[in-house]
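Every value quoted in this text rests on a predicted model; they were computed, and no experiment measured them.
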Amino acid sequence: MLRLTLDHPPENRITPGMLRGIAGALDRLEADDGPDVLVLAGSGRSFSKGFDEQVIAAAARSRTQRASLVAWNDVYSRLAASRKLTIAAIHGACLGGGLELALACQLRFCSERARLGLPELALGLLPGLGGIHRLVRLVGRSKALELLVGGDLVSAAEALRIGLVNRVVPQDGLAPAVQAFVRSVLSVERRRVWEAIELTALAERRGDGECLTATLEAILGDRIRY
């Protein structure tokens with residue numbers, strides 16, 4: 001298991017340097033002999049309260065805004081497309097670009113006091129790091145639109161109810177819960193875990209027929225190339 005901690009006190013605002021660190025961790029994760037699970041967590045009292053506002057303002061004033069957005073999205077997209085398991089361990093505030101980072105992970109475990117949201121519209125911005133389409137896939141268009149235009153923060157219990165997170169655990173039990181889940185994953189044949197990740201990703205993009213074919217080919221050993 002590879003554990004990566006967002007550490008930018010006091011709010012763990014995301015910076016390009018932090019994204020380079022995540023990209024480096026993904027390089028390790030994507031290697032055949034690399035770790036099988038990446039856990040992404042935050043230090044201090046929050047997972048992350050979003051992207052660094054000074055970085056966003058500087059990018060908006062420059063001629064390289066598009067290039068910056070493309071480069072930042074590349075890291076988020078690599079995380080979302082990982083063939084290894086990725087888990088966001090969320091506590092405290094998980095907002096804006098921080099929630100978009102958690103949405104790019106395949107699973108989200110959440111402490112009971114966490115608060116989650118995408119408040120960008122109230123600031124005259126749009127979530128620009130994949131948060132809109134990933135949120136829609138998880139909770140449906142209507143609920144996603146409500147969260148986006150309303151700007152409301154949701155509790156951990158509500159996030160679980162609408163499918164935004166996978167599990168909610170007691171405040172002091174987040175790390176142990178994640179570790180226990182990772183141990184159970186690591187007890188499974190790694191090739192089957194990779195196949196499950198690829199086939200569930202395929203299900204989001206393709207119809208039933210193609211998904212069934214891919215599943216049968218995986219069972220029969222005819223596909224799933226690494």
In one Ile/Leu/Val/Met/Phe/Trp/Tyr side-chain cluster, 4.5 Å: Phe109, Leu138 | no
Which distance, rounded to the nearest 0.5 Å, do you find between the OG1 of Thr86 and the CG of Leu2?
-> 11.5 Å
His8 side chain to Ser43 main-chain N or O, any donor-acceptor pair under 3.5 Å?
-> no
For residues Gly96 and Pro119, report the shortest heavy-atom separation together with the two atoms involved.
-> N-CD, 3.7 Å
Does any non-hydrogen side-chain atom of Asp27 lie less than 4.5 Å from one of Arg78?
-> yes
What are the two closest heavy atoms between Ala156 and Ser111, and how far apart are they?
-> CB-O, 3.3 Å
Give a yes or no on this: more than 12 heavy atoms of other residues, nucleotides or ligands lie within 6.0 Å of atom CZ of Arg137.
-> yes
Measure the CG-CD distance between Leu123 and Glu53 for me, rounded to the nearest 0.5 Å.
-> 6.5 Å
Are Ser155 and Arg115 close enough that some pair of their side-chain heavy atoms sits under 4.5 Å apart?
-> yes
With sequence neighbours excluded, what pairs up with Glu120 under the salt bridge (Lys or Arg N to Asp or Glu O under 4.0 Å) test?
-> none
Val188-Leu199 co-clustered via ILVMFWY side chain contacts under 4.5 Å = no
Shared ILVMFWY cluster between Val70 and Ile22, side chains joined below 4.5 angstrom?
-> no
Measuring from Trp194:CH2 to Asp32:CG, what's the distance to the nearest 0.5 Å?
-> 5.5 Å
Between the main-chain N or O of Leu29 and the side-chain N or O of Lys84, is there a donor-acceptor pair closer than 3.5 Å?
-> yes
Side-chain touch Trp72/Ile14, heavy atoms, less than 4.5 angstrom = no
Looking at CG of Leu135 and CD1 of Ile162, how far apart are the two atoms once the value is rounded to the nearest 0.5 Å?
-> 7.0 Å
Run through Ile132, Leu147, Leu148 and flag the one making a side chain to side chain contact (heavy atoms under 4.5 Å, CB included) with Leu118.
-> Leu148
Could you go through the side chain to side chain contact (heavy atoms under 4.5 Å, CB included) check for Leu103 and Leu164 one step at a time?
-> CA-CA 8 Å; Leu103 290 171; Leu164 182 56; 3.6 Å; yes
Counting N and O atoms only, with roles assigned by atom type, does the side chain of Arg134 sit under 3.5 Å from a partner on the main chain of Leu129, one being a donor and the other an acceptor?
-> yes
List for me each residue that meets ring pair (Phe, Tyr, Trp, His ring centres under 6.0 Å) alongside Tyr76, sequence neighbours excluded, and say none if there are none.
-> none
Hydrophobic cluster membership, Leu101 vs Leu26, 4.5 Å side-chain cutoff | yes
Is there a side-chain contact between Phe181 and Val37 (heavy atoms, below 4.5 Å)?
-> no
Identify whether Leu153 and Leu125 are in the same connected component of the hydrophobic contact network (ILVMFWY, side-chain heavy atoms under 4.5 Å).
-> no
Using the side chain to side chain contact (heavy atoms under 4.5 Å, CB included) rule, pick out the option among Asn166, Leu38, Leu40, Val182 that qualifies with Ile87.
-> Val182
Evaluate whether atom CD of Glu189 has more than 12 neighbouring non-hydrogen atoms of other residues, nucleotides or ligands under 6.0 angstrom away.
-> yes
Any donor-acceptor pair under 3.5 Å linking the side chain of Arg83 with the backbone of Glu30?
-> yes
How close do Ser48 and Leu6 get, heavy atom to heavy atom, and via which atoms?
-> CB-CD1, 4.0 Å
Side chain of Gln106, backbone of Ser82: donor and acceptor closer than 3.5 Å?
-> yes
Residue pair Pro35 / Met1, side-chain heavy-atom distance below 4.5 Å = no
So, does Arg108 use its side chain to make a donor-acceptor pair with the main chain of Ile90 at under 3.5 Å?
-> no
Asn12 versus Ser46, closest heavy-atom pair with distance = ND2-O, 2.8 Å
For the residue pair His91 and Leu174, what are the closest heavy atoms and their distance?
-> CB-CD2, 4.0 Å
Glu112 (side chain) donor-acceptor with Gln171 (main chain) under 3.5 angstrom = yes
Drop me the distance from Arg161's CZ to Lys143's NZ, to the nearest 0.5 angstrom.
-> 5.5 Å
Checking side chain to side chain contact (heavy atoms under 4.5 Å, CB included) against Leu85, which of Asp36, Ile197, Leu186, Val39 comes through?
-> Ile197
Report yes if the side chains of Pro9 and Asp7 come closer than 4.5 Å at any heavy-atom pair, otherwise no.
-> yes
Can you tell if the side chain of Val55 reaches within under 4.5 Å of the side chain of Pro16, non-hydrogen atoms only?
-> yes
Heavy-atom nearest pair, Phe47 first then Cys94, reads CD2-SG, 3.6 Å
Does some side-chain heavy atom of Arg13 sit less than 4.5 Å from a side-chain heavy atom of Lys49?
-> yes
Test Cys110 against Leu116 for side chain to side chain contact (heavy atoms under 4.5 Å, CB included), laying out the working first.
-> CA-CA 10 Å; Cys110 186; Leu116 304 90; 4.1 Å; yes
